Novice: 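So that we are looking at the same thing, I have put the structure below in structure tokens.
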Amino acid sequence: MSKKNVAKILKAPRGTEDVLPGDWQLWRAVEETAREVFELAGYYEIRTPVFEDTNLFVRSIGEVTDIVEKEMYTFKDGDSSGITLRPESTASVMRAYVEYEIYKTKKFQKFYYIGPMFRKERPQAGRLRQFHQMGIEAIGADDPMLDAEAIIVAMRMYDKLGLPGCKVKINSIGCKECRPGYREVLKEQLIKNSENLCELCNTRMNRNVLRVLDCKNEKCKEVTAVVPDIREHICECCKSSFDGLIDILSASNIGYVIEPHLVRGLDYYTKTVFEITHPSLGARDTICAGGRYDYLVSDIGGPETGAVGFAAGIEASMLALKNSMSEMSDSTKQRLFDIKEPAPDVYIVSIGSECRRASFLLTNSLRGEGISVDMDYEDRSPKAQMRTANKLKVNFVAVIGQDEIDNGTVKLKNMQTSDENVLEKAKVAEFIKKLLLNK
RNA sequence: GUGGGCGUAGCUCAGUUGGUUAGAGCACCUGACUGUGGCUCAGGGGGCCGGGGGUUCAAAUCCCCUCGCUCACCCCA
């Protein structure tokens, strides 16, 4: 097949990317750190399907959101009502919680997840069509300590990763009782100034007024700067919840900023919302976002109970880490970025094609002893095999030629010292193991 | 969906006002006395210069279209 054809038909779809061997180090560091921190805080892994009934997302995320209106990968699956590749994972976790009636035996549960999500949008820095999130959900309690816990867990994760400069922004967006009232107040104010608001904000006024608050347009900011603060309009319940969060965060020495204009694009949020941002990312600087969603469980058919959690973008977090390399210690850099390719301890070199069978048998017998071994599969010259062994940075090369086969031996070469030892085949494994231990 | 930037070897890039068979570094492969790495040296493979059309005696180079990548906007992690 010509190269032209390969380029034309076989390319990774837009907005997806391959992680090639050798590029996995950062991924692993991020995922392993997340697991460690989440499990330390009592969260257990849950894996849900990457696709769900479309209605789950429509009902949870909200019909008049961009995600549902234009960013979902939705398709027919037989005569079902439609299947959608998950654009986020909170709804799936709640669905599982409700579907298995987990709340009947143990109402309070903590879960975490790590996995791919799908949103059909134009890719850009740190944002892909298939991207990955890691997140936690604490379901079944209203205690604002859990809101604080979510933030603390996220910050601990970034701290353990070695990412400097994260900022926590928090706000409360109220609940069913108080938010509608604030919406009205806000809308009234904005309508008076509608000619000073951008076109987009004028449509936002009808779709989701709160979003006008975080418009980046300078003129819109001027208008929203003098608009009433939502915290003066939230009910007693929301207020005490928010105060509880602030109390715990302060006592836990977590630096935070209250952002009265911080809102969320997904409908299910209530009370606490928060974001963790990183300055290296510019305008689109959120690496982690979350909050409380007290109606979500009941909305999809479960009991009335609170829930809180966050989702952290893996690609966005990795980008922040890459951007921060210059501020990292050597050991952090090594842990996050040093490429670890498969590196066998031993490479078997065959002298002549007729010895390759014996080499293969030795390779596998040494592997059976727990030694990491590889050999040449291309029937190349001894010199070429040695070159490969050198590039692999193996500790030993085991040479097998006709002499060795005749005598039942193996010639073992130490690649650092160039010393060669002729050993009985049966003793090779033991010999290598001993030397590798002393290395 | 809207706008900007960019598409030359596997990778990073040169390519002068359009002018012969398109280059470098790295990587890869082979060899330097017949069973052996690193250093050096000598060779070698590999590009329809993203694709299509146009201008011209002549296009990687100029013009148009298209595709792809990328960054930003909308939105979101």
Side-chain angles (χ1 to χ4, degrees), chain A residues 2-8 11-15 17 20 61 64-72 87-90 115-135 154 198-201 203-204 207-208 211 214-217 263-266 274-278 281-291 309-320 347-355 376 378 380-394 396-405 411-418 420:
Chain A
S2 76
K3 186 185 167 179
K4 190 171 156 188
N5 286 336
V6 171
K8 238 177 200 146
K11 281 192 71 176
R14 166 178 294 191
E17 67 185 12
L20 270 7
I61 295 169
V64 286
T65 57
D66 278 37
I67 293 179
V68 168
E69 283 182 348
K70 56 182 194 190
E71 292 182 357
M72 298 205 303
E88 57 108 40
S89 214
T90 297
M117 310 293 157
F118 306 85
R119 258 122 99 157
K120 191 159 51 189
E121 57 184 356
R122 288 289 278 272
Q124 60 185 286
R127 286 160 63 205
L128 297 163
R129 288 183 166 187
Q130 175 177 336
F131 63 105
H132 298 75
Q133 289 184 333
M134 45 199 182
C198 69
E199 206 180 319
L200 209 63
C201 280
T203 67
R204 282 201 267 241
R207 284 169 59 91
N208 185 351
R211 294 215 64 83
D214 74 347
C215 184
K216 284 186 287 285
N217 186 296
V263 297
R264 304 272 70 215
L266 281 59
F274 67 89
E275 278 186 8
I276 296 174
T277 60
H278 196 263
L281 263 28
R284 189 73 268 148
D285 58 359
T286 305
I287 53 179
C288 175
F310 69 74
I314 294 186
E315 285 86 353
S317 300
M318 292 196 304
L319 195 60
Y347 197 79
I348 313 279
V349 168
S350 316
I351 311 296
S353 317
E354 56 285 1
C355 301
D376 167 71
E378 297 167 275
R380 305 203 303 161
S381 72
K383 186 198 269 283
Q385 294 179 58
M386 287 300 292
R387 269 201 284 263
T388 300
N390 188 58
K391 264 178 284 196
L392 286 171
K393 297 189 173 68
V394 297
F396 300 102
V397 161
V399 181
I400 295 188
Q402 197 54 53
D403 292 353
E404 285 76 12
I405 291 176
K411 192 187 273 181
L412 196 68
K413 176 168 188 169
N414 181 320
M415 292 297 274
Q416 266 106 63
T417 63
S418 293
E420 291 188 342

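Below, read A as the first sequence line, B as the second, and so on, with proteins coming before strands; counting in each chain starts at 1. What you see is a predicted model, and the numbers here were worked out from it, not measured in a lab. The analysis underlying the following values was restricted to heavy atoms, covering all of them including side chains, and did not include hydrogens, waters or symmetry mates.
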Novice: It should be established whether A:Arg387 places a side-chain nitrogen or oxygen under 4.0 Å from OP1 or OP2 of nucleotide B:rU30.
Specialist: yes
Novice: Using purine N1 to pyrimidine N3 plus N6-O4 or O6-N4 for Watson-Crick, or N1-O2 and O6-N3 for G-U wobble, each under 3.5 Å, what pairs with B:rU30?
Specialist: B:rA42
Novice: Specify the separation, in whole Å, of atom CD of A:Glu17 and atom P of B:rU70.
Specialist: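 Distance, rounded to whole Å: 8 Å.
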Novice: Of all the choices, B:rA77, B:rA72, B:rG31, which nucleotide is nearest to the side chain of A:Ala125 once you look at every atom?
Specialist: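 Side chain of A:Ala125 sits closest to B:rA72.
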Novice: Would you indicate what A:Ala316 reaches in the nucleic acid, counting non-hydrogen atoms under 4.0 angstrom: base, sugar-phosphate, or nothing?
Specialist: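 Nothing, no heavy atom under 4.0 Å.
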Novice: Take the protein atom NZ of A:Lys11 and the nucleotide atom C1' of B:rG51, then report the distance between them rounded to whole Å.
Specialist: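 Those two atoms, NZ and C1', are 12 Å apart.
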Novice: At 4.0 Å (heavy atoms only), tell me whether A:Arg129 reaches a base, stays on the sugar-phosphate, or touches nothing.
Specialist: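 Nothing, no heavy atom under 4.0 Å.
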Novice: Mind calculating the distance between CG (A:Leu319) and P (B:rA72) to the nearest angstrom?
Specialist: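 Rounded to whole Å, this separation is 9 Å.
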Novice: With rounding to whole Å, what would you report as the distance between B:rG31 and B:rG68 at their C1' atoms?
Specialist: 41 Å
Novice: Would you measure the distance from the C1' atom in B:rU8 across to the matching atom in B:rC48 and give it in whole Å?
Specialist: 12 Å
Novice: Please give the distance between the C1' atoms of B:rG5 and B:rG43 as a whole number of Å.
Specialist: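 Per the computed distance, 41 Å lies between those C1' atoms.
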Novice: Which is true for A:Val349 with a 4.0 Å heavy-atom rule: it touches a base, it touches only sugar-phosphate, or it touches nothing?
Specialist: nothing
Novice: Tell which nucleotide pairs with B:rA77, taking only Watson-Crick or G-U wobble pairs whose two distances are both under 3.5 angstrom.
Specialist: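 Answer to the pairing question: none, since B:rA77 forms no Watson-Crick or G-U pair.
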Novice: If you measure from the P atom in B:rC41 to the same atom in B:rG25, how many Å do you get, rounded?
Specialist: 12 Å
Novice: What distance separates A:Met134 CE from A:Phe310 CZ, expressed to the nearest 0.5 Å?
Specialist: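 Output value for this atom pair is 7.5 Å.
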Novice: State whether the distance check finds a donor on one side and an acceptor on the other, under 3.5 Å, for side chain A:Gln385 versus base B:rG35.
Specialist: no
Novice: For A:Ala389, report the nucleic acid contact type (base, sugar-phosphate, nothing); a contact means any heavy atom under 4.0 Å.
Specialist: nothing
Novice: Closer than 4.0 Å, any side-chain N/O of A:Lys216 to the OP1 or OP2 of B:rC74?
Specialist: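 For A:Lys216, the contact criterion (side-chain N or O under 4.0 Å from OP1 or OP2 of B:rC74) is met.
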Novice: Considering only atom C1', compute the distance from B:rA32 to B:rC39 and round it to an integer number of Å.
Specialist: 14 Å
Novice: Could you tell me whether a side-chain N or O of A:Tyr347 sits under 3.5 Å from a main-chain N or O of A:Asn390, the two making a donor and an acceptor?
Specialist: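 No, because the side chain of A:Tyr347 does not come within donor-acceptor range (under 3.5 Å) of the backbone of A:Asn390.
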Novice: Roughly, in whole Å, what's the span from CD in A:Glu121 to C1' in B:rA77?
Specialist: 9 Å
Novice: Kindly point out which of B:rG68, B:rA77, B:rG35 is positioned nearest to the side chain of A:Gln133?
Specialist: B:rA77
Novice: Please name the nucleotide paired to B:rG25 by Watson-Crick or G-U wobble geometry with both distances under 3.5 Å, or report none.
Specialist: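 Looking at the geometry, B:rG25 pairs with B:rC11.
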Novice: Report which part of the nucleic acid A:Arg122 touches: base, sugar-phosphate, or nothing (heavy-atom distance under 4.0 Å, all strands).
Specialist: base
Novice: Here's a test of your reading of the structure: between A:Arg14 and A:Lys70, which maps to the more 5' nucleotide of RNA chain B?
Specialist: A:Arg14
Novice: What's the gap between B:rC11 and B:rA27 when it is taken at their P atoms, as a whole Å value?
Specialist: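 Looking at atom P only, B:rC11 and B:rA27 are 15 Å apart.
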Novice: Would you give the length of the straight line joining atom CD of A:Glu404 to atom OG of A:Ser350, rounded to the nearest 0.5 angstrom?
Specialist: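 It is 10.5 Å, given to the nearest 0.5 Å.
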Novice: Does B:rC69 have a Watson-Crick or wobble mate here (both distances under 3.5 Å), and if so which one?
Specialist: B:rG5
Novice: Have a look at A:Glu420 and say if it touches a base, only the backbone sugar-phosphate, or nothing, with a 4.0 Å heavy-atom cut-off.
Specialist: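 Counting heavy atoms under 4.0 Å across all strands, the contact made by A:Glu420 includes a base.
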Novice: Indicate, with a heavy-atom threshold strictly under 4.0 Å, whether A:Arg127 touches base, sugar-phosphate, or nothing.
Specialist: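 Since a base atom lies under 4.0 Å of A:Arg127, the category is base.
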Novice: Please measure how far the C1' atom in B:rA58 lies from the corresponding atom in B:rU20, and state the result in whole Å.
Specialist: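 Here B:rA58 and B:rU20 have their C1' atoms 10 Å from each other.
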Novice: Under 4.0 Å, heavy atoms only, any strand: does A:Asp66 hit a base, just the sugar-phosphate, or nothing?
Specialist: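 Contact class for A:Asp66: sugar-phosphate only.
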Novice: Provide, to the nearest angstrom, the distance between the CD atom belonging to A:Gln124 and the P atom belonging to B:rG4.
Specialist: 16 Å
Novice: Just wondering, do A:Met386 and A:Met415 contact through their side chains at under 4.5 Å, heavy atoms?
Specialist: yes
Novice: If every non-hydrogen atom of A:Gly126 is compared with every non-hydrogen atom of A:Glu315, which pair is closest and at what distance?
Specialist: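 So the minimum-distance heavy-atom pair works out to O-CB, 4.0 Å.
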Novice: Give me the distance, rounded to whole Å, that separates B:rG35 from B:rG50 when you measure between the P atoms they each carry.
Specialist: 46 Å
Novice: Would you indicate, yes or no, if B:rC28 has its OP1 or OP2 atom less than 4.0 angstrom from a side-chain nitrogen or oxygen of A:Lys391?
Specialist: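 Looking at the OP1 and OP2 atoms of B:rC28, one of them is under 4.0 Å from a side-chain N or O of A:Lys391.
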Novice: Would you classify A:Lys411 as touching base, sugar-phosphate or nothing, given that sugar-phosphate means primed atoms plus P, OP1 and OP2, and contacts are heavy atoms under 4.0 Å?
Specialist: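 It contacts base atoms.
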Novice: Please state how far atom CD in A:Gln402 lies from atom P in B:rU34, giving the value in whole angstrom units.
Specialist: 19 Å
Novice: Would you say the side chain of A:Lys70 lies within less than 4.5 Å of the side chain of A:Glu121, judging by non-hydrogen atoms?
Specialist: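 Side-chain contact under 4.5 Å: no.
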Novice: Can you tell me the distance, in whole Å, between the CG atom of A:Leu128 and the C1' atom of B:rC69?
Specialist: 13 Å
Novice: Looking at B:rA60, which nucleotide sits across from it as a Watson-Crick or G-U wobble partner, both distances under 3.5 angstrom, or is there none?
Specialist: none
Novice: What does A:Lys413 touch in the nucleic acid at a heavy-atom separation under 4.0 angstrom: a base, only the sugar-phosphate, or nothing?
Specialist: base
Novice: Is there a donor N/O on one and an acceptor N/O on the other, under 3.5 Å, for the side chain of A:Ser418 and the base of B:rG38?
Specialist: yes
Novice: Whole-Å distance between B:rA77 P and A:Glu315 CD?
Specialist: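 Computing the A:Glu315:CD to B:rA77:P distance gives 14 Å.
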Novice: Across the strands shown, which category fits A:Glu69 at heavy-atom distances under 4.0 angstrom: base, sugar-phosphate, nothing?
Specialist: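 No contact.
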Novice: Distance check, rounded to the nearest 0.5 Å: A:Ile400 atom CD1 versus A:Lys411 atom NZ?
Specialist: 12.0 Å
Novice: Is the distance from OP1 or OP2 of B:rC74 to the nearest side-chain N or O of A:Arg211 less than 4.0 Å?
Specialist: no
Novice: Let me know, please, whether A:Pro382 or A:Asn208 comes out on the 5' side of the other along RNA chain B by nearest nucleotide.
Specialist: A:Pro382
Novice: Just do the salt bridge (charged side-chain N to carboxylate O under 4.0 Å, His left out) check on A:Arg264 and A:Glu275 with the steps written out, would you?
Specialist: CA-CA 10 Å; A:Arg264 304 272 70 215; A:Glu275 278 186 8; 2.5 Å; yes
Novice: With a 4.5 Å cut-off on side-chain heavy atoms, are A:Ile287 and A:Leu281 touching?
Specialist: yes
